[in-house]
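Before any comments, here is the structure.
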Number of protein chains: 2
Amino acid sequence: MFKKVLIVEDLDSIGFGIVQMLKQEGKIEIVIQSQYCDDAYLKFLKAQKDDLPFDLVISDLSFKEDHRGSKIKSGDELIKILKLKQPNLKTLIYSVEDRFIKIRPLIEHKLIDGYIIKSRYGLKNLTQAIKDVQTGKTYISPELLGFMNRKEVFEIEDYDVNLLIHLSNGLTQEQIAIHFRQNSIIPSSVSSIEKRLNRLKLELKAKNAIHLVANAKDLGLI
Amino acid sequence: MFKKVLIVEDLDSIGFGIVQMLKQEGKIEIVIQSQYCDDAYLKFLKAQKDDLPFDLVISDLSFKEDHRGSKIKSGDELIKILKLKQPNLKTLIYSVEDRFIKIRPLIEHKLIDGYIIKSRYGLKNLTQAIKDVQTGKTYISPELLGFMNRKEVFEIEDYDVNLLIHLSNGLTQEQIAIHFRQNSIIPSSVSSIEKRLNRLKLELKAKNAIHLVANAKDLGLI
DNA sequence: ACCTTCCTTACGGGTAGCCGTAAGCACTAA
DNA sequence: TTAGTGCTTACGGCTACCCGTAAGGAAGGT
């Protein structure tokens, strides 16, 4: 049974909802809440130092920037750091993000013990996830299970994403080639860039460059 | 003082958070919750029929589709219908949407009595909004106030949005022209389409068509 | 009627992108 | 060494797009 849980969630309505729910369930002794990744990190260190470490962290993925700039920008970054400090820590992500392309790396790299999509029944799924993780299992939201077995490995590398970003910023292929050459990114020739874009158009089923960038944005690639 | 409030919010964690908060405040007698626009509409009609109508509706803007298809797709649609049924109804939108281009029409058309952005302090703002609306005022989230006075009227019409959507779907200007001609949308010539796109590129500060579509997507125009 | 203005449309020259072909180069296996 | 493979690069023809110019037409004012 988890004793001490850290909730990291920027939106107060959701954080409040989770905390209230956990309190009503009444199974977890200490529930601490934080609205900033950096603040969560400090609370985590403090707890370790006081010899009262957390045994579960539930975090959102993306956090709005505000006047307090945060050094840690996202939930997966935060968890990566926390796991380094305390490898036996259990971690859950609770996020509206439902694009599998964003979620898959988190699961495959065994960064997290569960991924719950914030949905109509997200809270219910979250309580189930907590139970599963307690018994050593991994929890994946039911919406995602259908994707888990398909491997259709989108062979999209950082290079491709980089290329698409430059394209979406209005650079011509020529300009991208020059930029790549200046920054020693290979391949850098216009010809190779064309070739890459062709492959991407095939993979993302795009008719032309505009369509390609639009699809990449919809998928959350860029 | 509001007696009966309807909360329309698909994500259970948020709906739960709002309801718990209102209960703790203890100023509203009846709080009813719904996770679907269609269901909310039915509950609303039922309340009218029973002569116990709602006097405030707090709704999200966008709702995830799920196995139950909903006829009413968004919070603003819902509110539009409810206001027809009961013109004195007070309405608030509570949403993560913070792009002013999406929010402005709701405010300008006097569709809503307040807009609260779900943020770190969204719940606090929501309670303030409820108070303001009770006294006949309109509430706008502080994040938006800076934009309210600027009018820099983006002269972007449905025609332009339509055009951008076709473009983002990979149609060539030629194909769009043919489509427009077939559907009696004017102007329909390639030349006019080029001219429109030029104007849009100026307004959205885009270097080329790819950049234009990317910017339009970021702004939430398409 | 005539002119002005605004919008739509047409056309033509220059440019970026698309597509196929092929040369250059590194690495591997026979 | 030689042949084969895979990746990068170069080039040329074709298409789509970009941009300026100008003709045609509708609406409104004098």
Side-chain angles (χ1 to χ4, degrees), chain A residues 152-219 221-222, chain B residues 152-219 221-222:
Chain A
E152 47 166 282
V153 187
F154 262 154
E155 288 289 3
I156 290 175
E157 309 160 24
D158 289 350
Y159 179 90
D160 299 305
V161 174
N162 198 4
L163 179 52
L164 288 169
I165 289 173
H166 286 305
L167 208 57
S168 76
N169 284 335
L171 298 195
T172 65
Q173 296 178 2
E174 179 77 35
Q175 288 169 329
I176 297 173
I178 292 168
H179 175 262
F180 280 1
R181 203 162 305 135
Q182 284 171 354
N183 293 75
S184 309
I185 298 169
I186 50 169
S188 68
S189 73
V190 175
S191 201
S192 294
I193 288 172
E194 282 180 2
K195 203 155 285 184
R196 283 286 181 138
L197 290 177
N198 266 323
R199 226 198 45 191
L200 287 169
K201 276 183 234 165
L202 273 178
E203 288 188 9
L204 301 194
K205 303 186 209 320
K207 296 182 201 138
N208 55 41
I210 298 175
H211 198 191
L212 175 63
V213 168
N215 287 350
K217 276 202 170 287
D218 288 341
L219 284 173
L221 273 175
I222 56 176
Chain B
E152 47 166 282
V153 188
F154 264 154
E155 288 291 0
I156 291 175
E157 310 159 25
D158 290 351
Y159 178 90
D160 298 305
V161 174
N162 198 4
L163 179 53
L164 288 170
I165 289 172
H166 286 305
L167 208 58
S168 76
N169 285 335
L171 298 195
T172 65
Q173 296 178 3
E174 179 79 35
Q175 288 169 328
I176 296 173
I178 292 168
H179 175 262
F180 279 1
R181 202 163 306 136
Q182 284 170 353
N183 294 74
S184 309
I185 298 169
I186 49 166
S188 68
S189 72
V190 175
S191 200
S192 294
I193 288 171
E194 283 180 1
K195 203 154 285 186
R196 283 286 181 142
L197 289 177
N198 266 323
R199 225 198 46 190
L200 287 170
K201 276 182 233 165
L202 272 179
E203 287 188 8
L204 301 194
K205 302 185 210 323
K207 296 182 200 139
N208 55 41
I210 298 175
H211 198 192
L212 176 64
V213 168
N215 286 351
K217 277 204 170 286
D218 288 340
L219 282 172
L221 274 175
I222 58 177

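Below, chains carry the letters A, B, ... as their sequence lines are ordered, and counting in each starts from 1. In this text, all values refer to a predicted model and were calculated from it rather than measured experimentally.
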Applying the side chain to side chain contact (heavy atoms under 4.5 Å, CB included) criterion to I165(A), which one of I176(A), I222(A), L221(A) satisfies it? I222(A)

Specify the separation, in whole Å, of atom CZ of R196(A) and atom C1' of dC19(C). 18 Å

Below 3.5 Å, does any donor atom in the side chain of E194(B) face an acceptor in the base of dC17(D), or the other way round? no

Of all the nucleotides listed (dA16(C), dT9(D), dC17(D)), which has the minimum atom distance to the side chain of T172(B)? dC17(D)

Would you mind reading off the distance between L197(A) atom CG and dG17(C) atom P, rounded to a whole angstrom? 9 Å

With DNA chain D as reference, determine whether R181(A) or S191(B) sits nearer its 5' end, using the nearest nucleotide of each. R181(A)

Check whether any side-chain nitrogen or oxygen of Q173(B) sits under 4.0 Å from OP1 or OP2 of dC18(D), and answer yes or no. yes

Could you give the NZ-to-P distance, from K195(B) to dA10(C), as a whole number of Å? 12 Å

Could you tell me which non-hydrogen atom of A177(A) sits nearest to which non-hydrogen atom of S188(A), and how far apart they are? CB-O, 3.1 Å

Using only side-chain N and O atoms of N208(A), determine if any of them is under 4.0 Å from OP1 or OP2 of dG17(C). no

Using a heavy-atom cut-off of 4.0 Å across all strands, would you classify S192(A) as base, sugar-phosphate, or nothing? base

Give the minimum heavy-atom separation between D218(A) and K217(B), together with the two atoms involved. OD1-NZ, 3.0 Å

Quick one: L171(A) CG to dG17(C) C1', roughly how many Å, whole number? 15 Å

Separation of E174(B) atom CD from dC17(D) atom C1', in whole Å? 12 Å

If I take atom CD1 in residue I178(B) and atom P in nucleotide dT9(C), what distance separates them, rounded to the nearest angstrom? 14 Å

Side chain of A209(B) (C-beta onward), nearest among dC18(D), dT9(D), dC19(C): dC18(D)

Distance check: side-chain N/O of K201(B) vs OP1/OP2 of dC18(D), anything under 4.0 Å? yes

Sorted by chain and number, sequence neighbours left out, ring-ring contact (aromatic ring centres under 6.0 Å, His included) with H166(B) holds for H179(B), F180(B)

Taking the side chain as C-beta and beyond, is there a heavy-atom pair between E157(B) and N162(B) under 4.5 Å? no

Nearest whole Å is fine: how far is dA16(D) P from I210(B) CD1? 16 Å

Would you mind reading off the distance between L163(A) atom CG and dT8(D) atom P, rounded to a whole angstrom? 13 Å

Residue S189(B), side-chain heavy atoms: nucleotide from dC17(D), dT9(C), dC18(C) that is nearest: dT9(C)

